[in-house]
Number of protein chains: 2
Amino acid sequence: MPKMMRAVQVSKPGGAFELVERELPEPASGQIRIQVEACGICHSDALVKFGAYPGLSLPRIPGHEIAGRVEKVGANVTEWKKGDRVGVGWHGGHCFVCNACRKGLFINCERQQITGISYDGGYAEYVMVPHEAAARIPEKLDAAEAAPLLCAGITTYSPLHHWGVGPGQKVGIVGLGGLGHMGVKIAAALGAHVVLFTTSPDKTADALRLGASEVVVSKDAAAMQKHAGSFDFILDTVSAVHDLNAYLELLKLDATLTQVGAPPQPVPLSVFGLIFKRRRLAGSAIGGIRETQEMLDFCAEHGLTADVEVIRIQEINAAFERLKKGDVKYRFVIDMASLR
Amino acid sequence: MPKMMRAVQVSKPGGAFELVERELPEPASGQIRIQVEACGICHSDALVKFGAYPGLSLPRIPGHEIAGRVEKVGANVTEWKKGDRVGVGWHGGHCFVCNACRKGLFINCERQQITGISYDGGYAEYVMVPHEAAARIPEKLDAAEAAPLLCAGITTYSPLHHWGVGPGQKVGIVGLGGLGHMGVKIAAALGAHVVLFTTSPDKTADALRLGASEVVVSKDAAAMQKHAGSFDFILDTVSAVHDLNAYLELLKLDATLTQVGAPPQPVPLSVFGLIFKRRRLAGSAIGGIRETQEMLDFCAEHGLTADVEVIRIQEINAAFERLKKGDVKYRFVIDMASLR
């Protein structure tokens with residue numbers, strides 16, 4: 001009889017998450033098996049729920065904001081041993097030979113595998129990943145609060161770090177959701193003067209608590225105009241179609257707006273806004289494993305974690321309904337003890 | 001009786017260019033008077049013809065692609081003397097105290113004056129400009145062929161230089177007009193492997209003659225797809241609304257597409273194209289005077305000039321009609337001897 005584990009899977013597009021028993025996978029060479037302590041619920045897990053990711057095959061166990069401990073290692077695993085506290089994010093496997101891998105940018109691997117999409121993810125008692133997909137979570141961080149760092153944390157840390165955000169800079173964060181709330185915390189910890197842009201005035205108090213120095217309601221054209229041409233960097237976390245041009249106008253000469261939210265339809269872009277101050281619009285996806293480790297260490301040093309609402313696995317379908325309405329501050333995290 | 005000069009002016013929005021006599025301006029402190037040898041006709045001169053530039057007052061003498069010789073200098077002019085070969089482009093006056101000026105980026109001056117828009121330009125026997133607006137044109141360059149370097153030349157050289165185009169790189173130039181033909185020449189002279197993108201297959205032979213190594217007809221989706229993810233840099237010179245996303249898909253990881261053509265309406269931008277390879281979309285406007293001098297010296301060293309069709313001043317209205325249809329290879333230049 002094979003050993004079994006409990007997990008939550010999606011078996012048909014749009015179907016509910018189902019609690020199932022699955023065979024416990026055995027680590028092959030270069031793989032590690034992690035006992036999952038906590039797994040965050042990312043918006044992009046909906047890509048699994050609705051069978052919407054290209055090449056996805058169902059059934060699939062979602063989940064790529066994983067915090068846990070190494071429970072068993074396969075052959076040729078040198079970096080990890082049983083009991084190590086680790087996290088796993090989106091980047092779940094790499095070819096090591098493409099141009100991006102050779103630059104050490106595994107996250108941009110041309111043949112990348114994605115945790116919880118290409119193979120079974122973290123909504124389970126155990127998850128098995130290639131050893132290079134794990135980063136060390138400092139012991140001082142709580143597992144549930146650390147789990148979202150592996151996706152929401154690195155997705156905001158990576159562009160803030162890549163474009164050199166630091167002390168003395170004025171930095172905008174657009175949107176205060178799972179990504180935005182981490183963007184505010186990290187940009188503030190990096191020493192920037194942080195301005196949070198939101199369509200909801202009732203998010204003001206929370207933004208200030210999280211580390212913003214100012215809050216601008218983006219629907220208020222006069223309030224926006226006051227900041228014209230004054231930002232060193234803007235990180236836009238909004239994935240709905242919205243007016244990028246209004247934010248581009250707020251950038252200084254040679255400054256960059258980086259989009260990490262991905263609106264599903266094309267957005268109208270006014271090229272003039274880019275031309276006259278040699279501004280830049282860039283994209284950024286998640287972040288590599290080296291940067292993920294750096295981010296985890298940075299968060300431990302500064303006492304940063306995600307603001308989470310911990311749920312039991314039995315509440316997952318209800319949580320997804322609330323997520324659709326944006327009703328969470330700021331990340332649902334599943335406590336995997338509830339599976340056992 | 002004041003001394004007079006002959007010139008061409010626009011006196012009402014949409015009106016024809018009129019040959020007139022104007023008072024010869026006397027250089028004040030810090031100004032130089034240039035005897036114009038040749039002046040290029042830039043598409044943006046239409047902003048004067050149609051009275052479309054914010055704050056423009058008519059009558060106005062257009063022209064910002066000026067090649068000539070210093071004929072008289074005002075007080076406190078140390079850099080220039082009578083007889084010096086100089087050129088003047090878009091950047092016609094600067095405040096020296098704004099953030100951009102203090103970085104030496106006069107072209108981005110927040111209070112910039114524009115030659116031929118803020119004050120009278122180069123469609124005249126003489127033009128008067130602030131001394132900092134002139135660059136030295138090497139004697140070996142022909143005046144008519146050099147004049148368009150002051151706008152079309154620097155507008156393409158500046159982004160190619162700023163984003164580090166050089167040997168071993170694969171560089172795309174989109175569009176083969178006044179800007180594009182200089183982009184091809186300069187990128188090739190910088191050592192890049194140049195691919196010209198055009199909607200007109202009949203431009204192929206000319207593009208190869210100008211220095212392109214390959215020509216891709218952008219309407220051919222299969223030909224475009226062959227180049228996916230392979231470009232180090234793309235310079236887009238097209239000012240009509242067109243599909244930027246198709247070009248963004250051709251960029252490598254971390255590579256930049258810079259737009260120097262300015263479509264009048266917003267263009268649809270797919271953010272996914274930026275996110276997955278951390279690509280960048282930037283704008284660039286003309287280029288500063290320091291870079292203009294560098295570009296002129298580079299062009300002299302490499303024997304580069306614009307391909308021009310020299311006209312007499314009396315042909316200017318007909319030339320503008322042809323320009324609207326794109327019927328010029330690749331720049332009209334007015335020979336100012338025809339004014340005298």
Side-chain angles (χ1 to χ4, degrees), chain A residues 98-105 107-110 112 155 158-159 162-163 228-230 232 236 238-245 248 251-288, chain B residues 98-105 107-110 112 155 158-159 162-163 228-230 232 236 238-245 248 251-288:
Chain A
C98 72
N99 181 48
C101 277
R102 285 179 167 166
K103 286 182 176 176
L105 295 169
I107 187 65
N108 298 106
C109 172
E110 293 166 19
Q112 69 172 222
T155 297
S158 177
H162 182 71
W163 275 275
S230 69
D232 294 286
D236 187 336
V238 174
S239 56
V241 171
H242 62 292
D243 182 14
L244 285 190
N245 304 303
L248 290 171
L251 293 173
K252 280 183 181 171
L253 179 66
D254 280 330
T256 301
L257 182 153
T258 295
Q259 188 75 36
V260 290
Q265 285 91 32
V267 296
L269 174 78
S270 167
V271 172
F272 280 97
L274 293 174
I275 283 182
F276 285 117
K277 286 188 183 284
R278 199 165 58 181
R279 293 161 171 144
R280 305 164 185 202
L281 173 62
S284 181
I286 335 281
Chain B
C98 72
N99 181 48
C101 278
R102 285 178 166 166
K103 285 183 175 174
L105 296 169
I107 187 65
N108 299 107
C109 173
E110 292 166 19
Q112 69 173 222
T155 298
S158 177
H162 181 71
W163 274 274
S230 69
D232 294 285
D236 187 336
V238 174
S239 58
V241 171
H242 61 293
D243 182 14
L244 285 190
N245 304 303
L248 290 172
L251 293 172
K252 281 183 180 170
L253 178 66
D254 280 331
T256 301
L257 182 152
T258 294
Q259 188 75 35
V260 290
Q265 285 91 32
V267 297
L269 174 77
S270 166
V271 173
F272 280 96
L274 294 173
I275 284 183
F276 284 118
K277 286 188 184 284
R278 198 165 59 183
R279 292 159 170 146
R280 304 164 185 201
L281 173 62
S284 182
I286 336 281

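Residue numbering restarts at 1 for every chain, and letters A, B, ... go by the order of the sequence lines. In this text, all values refer to a predicted model and were calculated from it rather than measured experimentally.
- Contact of A:Ile107 with chain B is not made at all, since no heavy-atom distance falls under 4.5 Å.
- Among all heavy-atom pairs drawn from B:Val271 and A:Ala262, the shortest one is CG1-CA, 4.4 Å.
- Comparing B:Glu110, B:His162, B:Lys103, B:Gln265 by heavy-atom pairs within less than 4.5 Å of chain A, the highest count is held by B:His162.
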### Task
Evaluate side chain to side chain contact (heavy atoms under 4.5 Å, CB included) for A:Asn108 paired with B:Asp254, printing each intermediate quantity in order.
CA-CA 10 Å; A:Asn108 298 106; B:Asp254 280 331; over 6 Å; no

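- The choice from B:Lys252, B:Gln259, B:Lys277 that makes the most heavy-atom pairs within less than 4.5 Å of chain A is B:Gln259.
- Note that the CZ atom of B:Arg279 and the OG atom of A:Ser284 stand 13.0 Å from one another [nearest 0.5 Å].
- Interatomic distance, B:Cys98 SG to A:Leu253 CG, rounded to the nearest 0.5 Å: 9.0 Å.
- Note: B:Val267 leads B:Val267, B:Val260, B:Leu244 in heavy-atom pairs under 4.5 Å with chain A.
- With a 4.5 angstrom heavy-atom cutoff, B:Phe276 touches chain A via backbone and side-chain atoms both.
- Heavy-atom minimum distance, A:Gly261 versus B:Ile275: O-CD1, 3.6 Å.
- Distance check: B:Thr258 OG1 to A:Arg280 CZ gives 8.0 Å after rounding to the nearest 0.5 Å.
- Among B:Gly283, B:Ser270, B:Pro159, B:Ala285, the residue with the largest count of heavy-atom pairs under 4.5 Å with chain A is B:Gly283.
- Between chain B and the options A:Ser158, A:Gly229, A:Pro263, heavy-atom pairs under 4.5 Å are most frequent for A:Pro263.
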### Criterion side chain to side chain contact (heavy atoms under 4.5 Å, CB included) on B:Leu281 and A:Leu269, from CA distance to verdict
CA-CA 11 Å; B:Leu281 173 62; A:Leu269 174 78; 3.4 Å; yes

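- Ranked by heavy-atom pairs shorter than 4.5 Å toward chain A, the options B:Ile286, B:Asn245, B:Leu248, B:Leu105 are led by B:Leu105.
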